[in-house]
Amino acid sequence: GGIRMNPYELIVKVQQRMQQDPAFAQKFAQLTQDLNNIPGLQQEVMRIMQLDEKKRKKALDKLPDNVKRTVKEMFDLLNN
């Protein structure tokens with residue numbers, strides 16, 4: 001399974017979740033803040049989200065460990 005959508009669909013989905021689920025909104029905001037602290041990471045995450053499962057895993061493996069954890073948490077959050 002897993003998600004594969006364009007950034008627009010993703011943003012719509014996230015915004016809907018945020019309105020319905022305060023815990024999700026808080027967690028997502030925290031992760032977004034973490035991402036924003038690392039230059040260029042947000043674009044990279046958007047790019048990775050558009051890959052298929054196999055390529056995504058490879059791309060994630062290349063990320064530094066601290067970044068990897070944040071990005072993985074974000075994917076897990078979005079996949080729920």
Side-chain angles (χ1 to χ4, degrees):
I3 48 166
R4 205 182 161 191
M5 47 183 94
N6 66 46
Y8 179 74
E9 286 174 316
L10 192 67
I11 289 163
V12 170
K13 184 181 173 181
V14 167
Q15 284 172 341
Q16 286 171 342
R17 274 289 293 278
M18 283 178 133
Q19 285 161 2
Q20 294 156 3
D21 184 348
F24 172 88
Q26 197 176 359
K27 181 93 174 124
F28 193 82
Q30 181 59 57
L31 289 172
T32 303
Q33 213 172 356
D34 292 348
L35 290 182
N36 288 338
N37 291 335
I38 303 167
L41 186 61
Q42 228 177 353
Q43 286 80 357
E44 183 61 9
V45 169
M46 281 299 188
R47 189 184 72 77
I48 292 173
M49 282 185 174
Q50 293 170 75
L51 302 171
D52 61 54
E53 200 93 4
K54 208 179 272 182
K55 286 186 184 148
R56 186 187 295 170
K57 202 163 160 30
K58 259 198 196 129
L60 285 173
D61 285 343
K62 287 185 194 150
L63 296 171
D65 282 344
N66 59 326
V67 174
K68 203 181 293 182
R69 202 177 57 238
T70 303
V71 173
K72 198 175 166 344
E73 275 181 40
M74 187 166 265
F75 282 146
D76 290 346
L77 204 59
L78 293 170
N79 272 321
N80 286 332

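Computed from a predicted model, the values in this text were never measured in an experiment. Quick note: numbers below take in every heavy atom, side chains included, and nothing from hydrogens, waters or symmetry partners.
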> How close do Leu63 and Lys68 get, heavy atom to heavy atom, and via which atoms?
Replying inline: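 So the two residues come closest at O-CE, 3.2 Å.
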> What closest approach, in Å, do Phe24 and Val14 show between heavy atoms, and which atom pair accounts for it?
Replying inline: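 Shortest heavy-atom contact: CE2-O, 3.9 Å.
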> Does Met49 share a hydrophobic cluster with Val12, counting links as ILVMFWY side-chain heavy atoms below 4.5 Å and allowing steps through other members?
Replying inline: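 No, it is not one cluster - the side chains of Met49 and Val12 are not joined through contacts under 4.5 Å.
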>> With a 3.5 Å distance limit and no angle check, can you tell me whether Arg17 reaches the backbone of Ala25 through a side-chain donor-acceptor pair?
In response: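 Checking the backbone N and O of Ala25 against the side chain of Arg17, no donor-acceptor pair under 3.5 Å is found.
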>> Keeping Glu44 on the side-chain end and Gly40 on the backbone end, is there a donor-acceptor pair under 3.5 Å?
In response: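 Not a single qualifying donor-acceptor pair exists.
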> Is a salt bridge present between Asp61 and Lys58, judged by a nitrogen-to-oxygen distance below 4.0 Å?
Replying inline: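 Looking at Asp61 and Lys58, the cut-off is not met.
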> Are the charged groups of Asp76 and Lys72 less than 4.0 angstrom apart, N to O?
Replying inline: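 Yes, charged N to carboxylate O under 4.0 Å.
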> Is any side-chain heavy atom of Gln30 closer than 4.5 Å to a side-chain heavy atom of Lys27?
Replying inline: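 Gln30 does not reach Lys27 side chain to side chain.
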> Applying the side-chain contact (heavy atoms from CB on, under 4.5 Å) test to Leu31, which of Val71, Val45, Thr70, Asn36 qualifies?
Replying inline: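 Only one of Val71, Val45, Thr70, Asn36 forms a side-chain contact (heavy atoms from CB on, under 4.5 Å) with Leu31, namely Thr70.
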> Atom OG1 of Thr32 and atom CD of Gln42: how far apart are they, to the nearest 0.5 Å?
Replying inline: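 One finds 7.0 Å between OG1 of Thr32 and CD of Gln42.
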> In Å, rounded to the nearest 0.5 Å, how long is the span from CG of Leu41 to CD1 of Ile48?
Replying inline: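 Reported value, rounded in 0.5 Å steps: 7.5 Å.
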>> Once salt bridge (Lys or Arg N to Asp or Glu O under 4.0 Å) is applied, do any residues pair with Arg69, and if so which ones, sequence neighbours excluded?
In response: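 With neighbours one apart ignored, the set is empty.
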